[in-house]
Novice: 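Mind having a look at this structure? Questions to follow.
Being a predicted model, the structure only gives us computed values, none of them experimental.
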Amino acid sequence: MAVLTPEQVYSRALNRMGYTWELDEKQKADVEAAIEEAEALLRDRAGSPELDLTGPEYIGLLINCAWYIVNKRRAEFEEDYRAEIVNLRLVEGFGCGKEESTV
């Protein structure tokens, strides 16, 4: 699976959130803001401000985080996904488990 476009991320977020109807402008803005907030939160927790979360490794975590944020359950996300967040930090912030670059 390749890196997703912003439109694909948005579509996946809508699917995860159970929206099956056309959203009004406020709902669209809420979902887009939740995705942005989720990206910022996960990049912060990873210790990697430029981390691309739209690839196969992290897209599920990003979409789930956005779902929690839309539902005003951000603190619960951090509790429910503590292990995944710690792993994200270890891999992206500290390089644990990453293959070394030969460049």
Side-chain angles (χ1 to χ4, degrees):
M1 182 166 76
V3 172
L4 300 177
T5 65
E7 293 79 21
Q8 289 171 316
V9 172
Y10 178 78
S11 177
R12 285 191 181 204
L14 292 181
N15 186 47
R16 170 65 174 92
M17 293 171 194
Y19 289 119
T20 58
W21 58 91
E22 188 67 31
L23 302 179
D24 64 32
E25 290 305 312
K26 182 184 179 329
Q27 290 170 318
K28 284 181 185 177
D30 288 346
V31 171
E32 290 168 352
I35 293 168
E36 289 176 16
E37 186 177 339
E39 288 176 324
L41 171 69
L42 293 172
R43 286 179 179 140
D44 178 66
R45 297 302 182 265
S48 184
E50 301 301 318
L51 178 62
D52 184 0
L53 297 159
T54 62
E57 309 87 15
Y58 302 124
I59 190 62
L61 190 61
L62 173 63
I63 297 301
N64 285 327
C65 184
W67 181 87
Y68 275 78
I69 290 169
V70 158
N71 288 289
K72 308 206 181 330
R73 297 174 56 196
R74 180 177 168 161
E76 289 177 51
F77 170 79
E78 295 202 54
E79 181 66 28
D80 292 349
Y81 286 85
R82 179 173 296 173
E84 290 86 348
I85 293 168
V86 168
N87 187 58
L88 178 69
R89 177 67 174 197
L90 290 172
V91 171
E92 297 300 333
F94 299 110
C96 299
K98 274 193 158 184
E99 293 183 24
E100 289 189 35
S101 175
T102 58
V103 177

Novice: Applying salt bridge (charged side-chain N to carboxylate O under 4.0 Å, His left out), can you list everything that pairs with R45, at least two apart in sequence or on another chain?
Specialist: E78
Novice: State, to 0.1 Å, how close L42 and L88 come at their nearest heavy-atom pair, and which atoms those are.
Specialist: O-CD2, 3.5 Å
Novice: Could you report the tightest heavy-atom contact between V9 and I63, atom names first, then the distance?
Specialist: O-CD1, 3.6 Å
Novice: To check you understand the geometry: which heavy-atom pair defines the closest contact between R43 and L53, and what is its length?
Specialist: CG-CD1, 4.1 Å
Novice: Quick one: side chain to side chain contact (heavy atoms under 4.5 Å, CB included) partners of D44, sequence neighbours excluded?
Specialist: none
Novice: Nearest 0.5 angstrom please: L61 CG to I85 CD1, how far?
Specialist: 6.5 Å
Novice: Applying salt bridge (charged side-chain N to carboxylate O under 4.0 Å, His left out), can you list everything that pairs with E22, at least two apart in sequence or on another chain?
Specialist: K28
Novice: Listing request: all ring-ring contact (aromatic ring centres under 6.0 Å, His included) pairs with a residue in residues 12-55, at least two apart in sequence or in separate chains.
Specialist: Y19-W21
Novice: Over all heavy atoms of both residues, which pair between T5 and Q8 is shortest? Give the atoms and the distance, please.
Specialist: N-OE1, 2.8 Å
Novice: On a heavy-atom basis, which atom in D52 and which in Y58 lie closest, and how many Å separate them?
Specialist: O-CD1, 4.3 Å
Novice: Working to the nearest 0.5 Å, report the span between OG1 of T54 and CD1 of I35.
Specialist: 11.5 Å
Novice: Identify the two heavy atoms, one from C65 and one from L41, that lie closest to each other, and give their separation to 0.1 Å.
Specialist: SG-CD2, 3.5 Å
Novice: Not counting sequence neighbours, list each pair that qualifies as a side-chain hydrogen bond (donor to acceptor under 3.5 Å, both in side chains) and has a residue in residues 60-77.
Specialist: R16-N64, E37-R74, N64-Y81, Y68-D80, R73-E76
Novice: Any salt bridge linking E92 with R89? Criterion: basic side-chain nitrogen under 4.0 Å from a carboxylate oxygen.
Specialist: no
Novice: Excluding sequence neighbours, so at least two apart, what forms side chain to side chain contact (heavy atoms under 4.5 Å, CB included) with A34?
Specialist: A66, I69, V70
Novice: Nearest 0.5 Å please: distance from the CG atom of L62 over to the CD1 atom of I59.
Specialist: 4.5 Å
